[in-house]
Asker: 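Mind looking over this structure? Questions follow.
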Amino acid sequence: MRQVSLIAIALAGSFTAAPLAAEPLKIGIIESLSGAQTSTGRMFANGVHYGIDKINAAGGFNGEPVEVVEYDNAGGPTEAADKFRQAQADGIHIIVQGASSAIAGQLTEDVRKHNIRNPGNEMMYINVGAEAMELTGEKCHFYHFRYTSTAPMRVNALVATMKEQGKLGSRVYSINQNYSWGQDMQAAVKADEQMGDYEVVGEVLHDVNKIQDFAPFVAKIKAANPDTVVTGNWSNDLLLLMKATGDAGLKVRFATAFLDQPGNIANAGETALGHYIANAYDNSAADSSFADDYKAAKGHFPTFVEPQAAFAIGALQDALASISSDGGEVDVTEIAKALENTTYESPVGPISVRKEDHQTIRPVVVSQVVKDAAYPADGTDMGFQMVKVVPGEEAIYPVQPSCEMKRPD
């Protein structure tokens with residue numbers, strides 16, 4: 001009896017002394033993979049997968065390959081909340097999303113509440129595309145990281161570069177979609193009046209993707225006689241606005257945020273020539289290394305939102321590499337602390353995260369639509385040519401007073 005007891009004790013001791021099995025890092029892409037935003041959602045997912053493949057090719061994390069699961073939020077906050085609950089149940093550590101600030105607002109709150117209720121079992125949200133200011137303002141929290149620009153960053157870069165080039169003029173018209181993003185754009189255009197030495201001669205906020213005829217809006221623009229029209233419009237609202245401007249014979253320069261959305265150049269045609277865009281990346285702004293590697297992996301050159309998603313995961317890879325991990329459970333708080341101390345060297349310059357609000361400080365590339373572009377868009381002979389890469393320190397703005405970030409112990 002005594003011998004059996006000693007064996008049992010020894011066996012029990014050997015079990016308790018055995019190291020814990022390594023837990024794989026799990027990333028959930030909660031993206032718009034059906035509905036009106038499918039093409040954009042899929043492009044965000046493409047960039048994320050590209051980055052995760054790089055992590056796994058380098059050995060993964062915690063002794064295991066990083067696992068990735070896609071969840072279709074169908075383009076709505078309610079569906080995103082449902083998919084977040086599914087991700088919780090699946091043991092996802094990091095969620096990634098970019099298409100839609102409304103969905104981002106839902107997900108960042110879901111993450112915040114989860115972390116309050118589950119101390120020691122936190123989740124993190126890497127935002128690769130949602131630009132509403134409130135996300136790093138009143139809704140900021142430690143476990144949300146925004147790896148994209150915002151309206152002030154884009155407008156600051158556009159205004160500074162176009163003024164330097166003598167292309168801005170002294171009269172600026174602002175036309176944007178009437179929701180958080182468009183309102184942020186309008187506010188940024190107004191805020192830069194003194195810096196740009198211009199007058200805002202008109203402002204319009206309109207319904208989102210409901211207007212079929214922009215002729216009445218173009219008539220108002222024409223009456224205001226601006227040199228430049230600044231717009232954050234995307235999708236049909238940008239195309240129809242530009243088309244109506246061309247049809248009216250109005251010679252005005254556009255300064256945009258989303259002119260590089262696939263299909264825009266083909267649909268706009270030569271009306272787009274000479275117009276400007278401020279974005280996170282342009283293939284013409286760097287050597288071909290990243291563009292060629294992305295094409296080899298995904299079958300096409302990186303475009304629109306794909307690069308910023310890829311760079312966000314590149315930053316995550318650098319952060320993971322700085323963590324000493326030899327198996328056991330994944331510590332999301334440790335990853336978050338490493339990420340906010342990471343500077344990622346992108347093809348256009350360094351990308352870091354401001355600790356006070358977790359807004360990325362990144363270069364903004366200002367480009368112009370030209371003929372015979374090095375990287376033609378949409379099967380045309382037109383594309384984007386870099387005018388200037390504005391360093392992150394010049395494009396960024398102060399931390400919003402509404403952000404009161406509480407850090408973990």
Asker: Which pair of heavy atoms, one from Ala215 and one from Ala244, lies closest together, and at what distance?
Answerer: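 That closest heavy-atom pairing would be N-CB, 4.1 Å.
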
Asker: Angle class for the Phe145/Phe142 ring planes (parallel below 30°, perpendicular above 60°, tilted otherwise)?
Answerer: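 The arrangement is perpendicular - the two ring planes meet at more than 60°.
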
Asker: Tell me yes or no: between the side chains of Asp260 and Asn279, is some donor less than 3.5 Å from an acceptor?
Answerer: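 Asp260 vs Asn279: donor-acceptor pair found between side chains.
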
Asker: Should Ile211 and Phe217 count as side-chain neighbours, where that means a heavy-atom distance under 4.5 Å?
Answerer: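 Ile211 reaches Phe217 side chain to side chain.
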
Asker: Indicate yes or no for a side-chain donor-acceptor contact from Ser100 to the backbone of Ile103 under 3.5 Å, with no hydrogens or angles considered.
Answerer: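 Yes, the answer is positive, given that a donor and an acceptor are paired below the 3.5 Å cut-off.
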
Asker: More than 12 foreign heavy atoms under 6.0 Å from CD of Glu345: is that the case here?
Answerer: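 Counting neighbours around CD of Glu345, more than 12 heavy atoms of other residues, nucleotides or ligands fall under 6.0 Å, so yes.
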
Asker: Within the 3.5 Å criterion, strictly below it, is a donor on Asn118 or Glu122 matched to an acceptor on the partner's side chain?
Answerer: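 Short answer, no.
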
Asker: Taking atom types as modelled, find out whether Thr342 and Asp318 have a side-chain donor-acceptor pair closer than 3.5 angstrom.
Answerer: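 No pair is found: no donor N or O on one side chain lies under 3.5 Å from an acceptor on the other.
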
Asker: Does a side-chain N-to-carboxylate-O contact under 4.0 Å join Arg42 and Glu70?
Answerer: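 Salt bridge: yes.
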
Asker: Asp192 side chain to Met195 main-chain N or O, any donor-acceptor pair under 3.5 Å?
Answerer: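 No: the side chain of Asp192 does not pair with the backbone of Met195.
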
Asker: So, the side chain of Asn156 versus the backbone of Pro152: is there a donor-acceptor pair under 3.5 Å, distance only?
Answerer: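 Answer holds: yes.
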
Asker: Quick check: does any side chain N or O of Thr40 sit under 3.5 Å from a backbone N or O of Gln37, one acting as donor and the other as acceptor?
Answerer: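 Not a single qualifying donor-acceptor pair exists.
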
Asker: Mind listing the closest non-hydrogen atom pair of Ala291 and Phe301 along with its distance?
Answerer: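 The pair with the smallest heavy-atom distance is O-CD2, 3.4 Å.
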
Asker: Would you say Thr360 and Thr148 make side-chain contact, with heavy atoms under 4.5 Å?
Answerer: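 Thr360 does not reach Thr148 side chain to side chain.
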
Asker: Answer yes or no: is there a side-chain heavy-atom contact under 4.5 Å between Tyr281 and Ser346?
Answerer: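 Sidechains of Ser346 and Tyr281: no contact.
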
Asker: Using the side-chain hydrogen bond (donor to acceptor under 3.5 Å, both in side chains) rule, take Glu306 and Asn46 through it: C-alpha gap first, then chi angles, then the decisive distance, then the call.
Answerer: CA-CA 6 Å; Glu306 290 174 313; Asn46 285 345; 3.2 Å; yes

Asker: Where the side chain of Lys167 meets the backbone of Gly274, is there a donor-acceptor pair that is under 3.5 Å apart?
Answerer: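 Side chain of Lys167 to backbone of Gly274: no pair is present.
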
Asker: Would a 4.5 Å heavy-atom cut-off, applied to side chains only, mark Thr256 and Tyr276 as touching?
Answerer: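 Result no, sub-4.5 Å side-chain heavy-atom pair not found.
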
Asker: Using distance only, find each side-chain donor-acceptor pair of residues 85-96 under 3.5 Å and give its atom names and separation, not counting sequence neighbours.
Answerer:
residue, atom, partner, partner atom, Å
Arg85, NH2, Asp82, OD1, 2.2
Gln88, NE2, His114, ND1, 2.8
Asp90, OD2, Tyr71, OH, 2.7
His93, ND1, Lys26, N, 3.0
His93, NE2, Glu23, OE2, 3.0

Asker: Indicate whether any N or O donor in one side chain lies under 3.5 Å from an N or O acceptor in the other, for Glu79 and Asn73.
Answerer: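 There is no such pair between these side chains.
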
Asker: Under the side-chain contact (heavy atoms from CB on, under 4.5 Å) criterion, do Leu107 and Phe84 qualify, and how do the steps go?
Answerer: CA-CA 7 Å; Leu107 290 176; Phe84 177 80; 4.1 Å; yes

Asker: Thr245 and Asp247: side-chain hydrogen bond (donor to acceptor under 3.5 Å, both in side chains), yes or no, with the steps?
Answerer: CA-CA 6 Å; Thr245 303; Asp247 290 346; over 6 Å; no

Asker: Give, for atom CG of Leu25 and atom CG of Asp331, the distance between the pair rounded to the nearest 0.5 Å.
Answerer: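 Leu25 CG to Asp331 CG: 11.5 Å, rounded to 0.5 Å.
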
Asker: Would you say that more than 12 heavy atoms from the other residues, nucleotides or ligands in this model lie under 6.0 Å from the NZ of Lys298, or not?
Answerer: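 Count over threshold, so yes.
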
Asker: Quick one: sort the Phe290 and Phe311 rings into parallel, tilted or perpendicular, breaks at 30° and 60°.
Answerer: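 Answer is tilted, since the angle falls between 30° and 60°.
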
Asker: Does the side-chain contact (heavy atoms from CB on, under 4.5 Å) test come out yes or no for Thr150 and Met133, once each step is laid out?
Answerer: CA-CA 7 Å; Thr150 56; Met133 292 295 289; 3.8 Å; yes

Asker: Using atom types as modelled and distance alone, determine if a side-chain donor or acceptor of Asp378 lies under 3.5 Å from a backbone N or O of Thr380.
Answerer: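 Side chain of Asp378 to backbone of Thr380, a donor-acceptor pair under 3.5 Å: no, none is there.
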
Asker: What distance separates Gln359 CD from Ser352 OG, expressed to the nearest 0.5 Å?
Answerer: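 If I round to the nearest 0.5 Å, the distance is 10.0 Å.
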
Asker: Measure the shortest side-chain to side-chain distance between Ile351 and Ile361 over non-hydrogen atoms and say whether it is less than 4.5 angstrom.
Answerer: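 The answer is no; the side chains never approach within 4.5 Å.
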
Asker: Salt bridge check, Lys337 against Glu334: does any charged N sit closer than 4.0 Å to a carboxylate O?
Answerer: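 Salt bridge flag = no for Lys337 with Glu334.
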
Asker: Does NZ or CZ of Arg354 fall inside the cone over Tyr397's six-membered ring, less than 6.0 Å from its centre and within 45° of the axis?
Answerer: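 Geometry flag: set, cation within 6.0 Å and 45°.
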
Asker: Counting N and O atoms only, with roles assigned by atom type, does the side chain of Gln308 sit under 3.5 Å from a partner on the main chain of Ala280, one being a donor and the other an acceptor?
Answerer: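 Checked: no pair found.
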
Asker: Would Glu164 and Lys388 pass as an ion pair if we require N to O under 4.0 Å?
Answerer: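 A salt bridge is present here (some side-chain N lies under 4.0 Å from a carboxylate O).
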
Asker: Is the shortest side-chain heavy-atom distance between Ile221 and Val229 below 4.5 Å?
Answerer: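 Yes; the side chains approach each other to less than 4.5 Å.
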
Asker: Identify the two heavy atoms, one from Ser180 and one from Ala132, that lie closest to each other, and give their separation to 0.1 Å.
Answerer: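 Nearest heavy atoms, Ser180 then Ala132: OG-CB, 3.8 Å.
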
Asker: With the threshold set at 4.0 Å, does a side-chain nitrogen-carboxylate oxygen contact exist between Asp227 and Arg171?
Answerer: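 Result for this pair is no, no salt bridge flagged.
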
Asker: Roughly how far, to the nearest 0.5 Å, is CG of Leu240 from CD of Gln212?
Answerer: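 Those atoms lie 6.5 Å apart.
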
Asker: Lys355 vs Asn341, test: side-chain contact (heavy atoms from CB on, under 4.5 Å). Steps then yes/no.
Answerer: CA-CA 8 Å; Lys355 290 186 178 181; Asn341 284 300; 2.8 Å; yes

Asker: Could you tell me whether Arg146 and Glu131 make a salt bridge, using a distance below 4.0 angstrom between a side-chain N and a carboxylate O?
Answerer: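 Answer for the salt bridge query: no.
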
Asker: Tell me if a side-chain donor or acceptor on Asn127 pairs with a main-chain N or O of Gly129 at a distance below 3.5 Å.
Answerer: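 Yes; at least one donor-acceptor contact below 3.5 Å.
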
Asker: Please tabulate, for side-chain N and O atoms in residues 51-58, each donor-acceptor pair with protein atoms closer than 3.5 Å (sequence neighbours left out).
Answerer:
residue, atom, partner, partner atom, Å
Lys54, NZ, Asp293, OD2, 2.7
Asn56, OD1, Val66, N, 2.6
Asn56, ND2, Val66, O, 3.1

Asker: Step through it carefully: locate the ring centre of Tyr50, locate the ring centre of Tyr294, and say whether they are under 6.0 Å apart.
Answerer: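 Yes: the rings meet the under 6.0 Å criterion.
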
Asker: Give a yes or no on whether the backbone of Gln261 and the side-chain of Trp234 come within a donor-acceptor separation of less than 3.5 Å.
Answerer: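 Answer holds: no.
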
Asker: Could you please spell out the steps behind the side-chain contact (heavy atoms from CB on, under 4.5 Å) verdict for Met43 and Thr303?
Answerer: CA-CA 8 Å; Met43 295 184 84; Thr303 189; 3.2 Å; yes

Asker: Counting only N and O atoms by type, is there a donor-acceptor contact under 3.5 Å from the side chain of Arg362 to the main-chain atoms of Tyr147?
Answerer: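 Yes, the answer is positive, given that a donor and an acceptor are paired below the 3.5 Å cut-off.
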
Asker: Is the closest side-chain heavy-atom distance between Met185 and Val230 below 4.5 Å?
Answerer: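 Yes, close enough: below the 4.5 Å cut-off.
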
Asker: Side-chain contact, heavy-atom cut-off 4.5 Å: Asp110 with Lys113?
Answerer: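 No - every pair of side-chain heavy atoms lies 4.5 Å or more apart.
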
Asker: At their closest point, which heavy atom of Ala130 faces which heavy atom of Ala104, and how far apart are they?
Answerer: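 Smallest interatomic distance, heavy atoms only, reads CB-CB, 3.3 Å.
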
Asker: Please confirm whether Arg154 makes a cation-pi placement over Phe258, using NZ or CZ under 6.0 Å from the six-membered ring centre and within 45° of the ring normal.
Answerer: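 Here Arg154 passes the 6.0 Å and 45° test against Phe258.
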
Asker: Are a donor atom and an acceptor atom from the side chains of Ser289 and Asp287 found within less than 3.5 Å of each other?
Answerer: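 Yes, Asp287 and Ser289 have a side-chain donor paired with an acceptor closer than 3.5 Å.
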
Asker: According to the side chain to side chain donor-acceptor pair (under 3.5 Å) rule, which pairs have a member within residues 399-409, sequence neighbours left out?
Answerer: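 Side chain to side chain donor-acceptor pair (under 3.5 Å) check on residues 399-409 returns Glu340-Arg407.
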
Asker: At what distance, to the nearest 0.5 angstrom, does CG of Asn267 lie from CG of Leu238?
Answerer: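 Going from the CG atom of Asn267 to the CG atom of Leu238 covers 10.5 Å.
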
Asker: Can you tell which of Asn115, Thr108, Thr333 makes a side-chain hydrogen bond (donor to acceptor under 3.5 Å, both in side chains) with Tyr143?
Answerer: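 Between Tyr143 and the candidates, side-chain hydrogen bond (donor to acceptor under 3.5 Å, both in side chains) is satisfied uniquely by Thr333.
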
Asker: Between His206 and Phe214, does the ring centre distance come in under 6.0 Å?
Answerer: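 Yes.
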
